[in-house]
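Some notes on the structure that comes next.
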Amino acid sequence: MTALGFKPMFPPTANRRGVLFNRVSAAIPNDSYNPAGSEKASPFGSTPADKGVVVFHLGARFLHPLGASSPLAKEFIAQFITSHKDLLTRAKEYGCLGGTTLRGGDSESNNTFLTVYYFRDFEGLNKFAHNPLHRKAWDWYHRDFAKKGGYSHIGIFHETFCVPAGAWETIYINMPPVLMGAGSAAVRNEETGEEEWVRTMVDATSPSWRSSHTRMGQRPGASHVV
């Protein structure tokens, strides 16, 4: 697999800034690699989807007409931002590959917000869930917002998916880095002994990345090309 640089193919505009105008996919880097070696010269394995991944959805919905300006919404947002920044700052410790925040369009108010995170394993996610800042935000919501304040106009939710190796695939065409493709991971360079941050986005123009089956490391067969 070949990791990609992030230079756009022509000068960016407001709508095209950061876009990669080709077919790319996401892959999870190994813990280490040796650029001087033969078998471990690449930070990635030789087979797509050769590692499992944990997908974590964390979100909230403002049910008040004032949305993000409703009572205690400012404090709620501050709690989330603090926890989010802590997670990304300590990404190596938690095995977090990154996250993308999206705004829902399922209602006229568009007041549903979702951040999709990716972790190397469930242990890392569980460690984050029990860290002091995340617990502080959780306790604030239940104690200060719901119990003391008597409020219920901010809903919260999460979903967790533990996906085994060979059971996931991605494809991005003419897209900026997003979701799993926007991640990065700490990888040890065995030749220098130094730690490097490697992007999860890889080139997907070769036959082994042509279909959803092959991107899951399965035999091509009669799989549909996507």
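Sorted by first then second residue, the salt bridge (charged side-chain N to carboxylate O under 4.0 Å, His left out) pairs that include residues 174-185, not counting sequence neighbours, number zero. Screening residues 53-68 for salt bridge (charged side-chain N to carboxylate O under 4.0 Å, His left out), with sequence neighbours left out, gives R61-D106. Screening residues 66-76 for salt bridge (charged side-chain N to carboxylate O under 4.0 Å, His left out) gives no qualifying pairs among residues at least two apart or on separate chains.
Using modelled atom types and a 3.5 Å distance limit, the side chains of T214 and S208 yield no donor-acceptor pair.
Using a 4.5 Å cut-off on side-chain heavy atoms (C-beta onward), F56 and F119 make contact. The shortest distance between side-chain heavy atoms of N131 and R135 does not fall below 4.5 Å. The closest side-chain heavy-atom distance from H134 to L87 is not below 4.5 Å. Between F113 and T115, the closest side-chain pair of non-hydrogen atoms is not below 4.5 Å.
If you run side-chain hydrogen bond (donor to acceptor under 3.5 Å, both in side chains) between N189 and each of E195, E194, E196, only E196 comes through.
A single hydrophobic cluster is not seen to contain both L97 and V54; linkage of ILVMFWY side chains at heavy-atom distances under 4.5 Å, directly or through other members, places them apart. When the side chains of ILVMFWY residues are joined at heavy-atom separations under 4.5 Å, either directly or via intervening members, L72 and W138 end up in a single hydrophobic cluster. Residues Y94 and V53 do not share a hydrophobic cluster, defined by chaining ILVMFWY side chains whose heavy atoms lie under 4.5 Å apart. The hydrophobic cluster containing F128 does not contain V55, counting ILVMFWY residues as joined when their side-chain heavy atoms lie under 4.5 angstrom apart, directly or transitively. In the hydrophobic clustering of ILVMFWY residues, with side-chain heavy atoms under 4.5 Å counting as a link, F122 and L58 come out together.
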Enumerate, atom names and distances included, each donor-acceptor pair closer than 3.5 Å involving a side-chain atom of residues 158-187, sequence neighbours excluded.
| residue | atom | partner | partner atom | Å |
| --- | --- | --- | --- | --- |
| E159 | OE1 | H57 | ND1 | 3.0 |
| W168 | NE1 | K51 | O | 2.8 |
| E169 | OE1 | R215 | NE | 2.7 |
| E169 | OE1 | R215 | NH2 | 3.0 |
| T170 | OG1 | S25 | OG | 2.9 |
| T170 | OG1 | A26 | N | 2.8 |
| Y172 | OH | G181 | N | 3.1 |

Acceptor/donor pairs from residues 77-85 side chains to any protein atom, 3.5 angstrom cut, sequence neighbours excluded:
| residue | atom | partner | partner atom | Å |
| --- | --- | --- | --- | --- |
| T82 | OG1 | A78 | O | 2.9 |
| H84 | ND1 | Y117 | OH | 2.6 |

Atom pairs and distances, side-chain donor-acceptor, residues 148-156, under 3.5 Å, sequence neighbours left out:
| residue | atom | partner | partner atom | Å |
| --- | --- | --- | --- | --- |
| H153 | NE2 | S70 | OG | 3.4 |
| H153 | NE2 | P71 | O | 2.9 |

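Legend: residues meeting side chain to side chain donor-acceptor pair (under 3.5 Å) with T89, ordered by chain and number and at least two apart, are absent. Under the side chain to side chain donor-acceptor pair (under 3.5 Å) criterion, D139 pairs with no residue at all, not counting sequence neighbours. By the side chain to side chain donor-acceptor pair (under 3.5 Å) test, E123 pairs with no residue at all, sequence neighbours left out. Every residue was checked against the salt bridge (Lys or Arg N to Asp or Glu O under 4.0 Å) condition with D121, not counting sequence neighbours, and none meets it. Among residues two or more places apart in sequence or in another chain, the side chain to side chain donor-acceptor pair (under 3.5 Å) test is passed with T205 by D203. Among residues two or more places apart in sequence or in another chain, the side chain to side chain contact (heavy atoms under 4.5 Å, CB included) test is passed with S32 by K40, R188, E190.
Listed here is the closest heavy atom pair of I28 and G52: CD1-O, 3.4 Å. Between A73 and A68 the shortest heavy-atom distance is CB-O, 3.3 Å. The shortest non-hydrogen separation linking P35 to E191 is CG-OE1, 3.2 Å. F62 and G67 make their closest contact through CD2-O, 3.6 Å (heavy atoms, listed as atom of the first residue, atom of the second, distance). When all heavy atoms are compared, the tightest approach of N30 to G45 is ND2-N, 3.7 Å. Contact between A27 and F44 at its shortest, heavy atoms only, is O-CE2, 3.5 Å.
Rounded to the nearest 0.5 angstrom, R90 CZ and C96 SG are separated by 12.0 Å.
In W140, the CH2 atom is crowded: over 12 heavy atoms of neighbouring residues, nucleotides or ligands sit closer than 6.0 Å.
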query: Can you check side-chain contact (heavy atoms from CB on, under 4.5 Å) on F157 and L114, steps first, answer last?
result: CA-CA 9 Å; F157 62 92; L114 167 69; 3.9 Å; yes
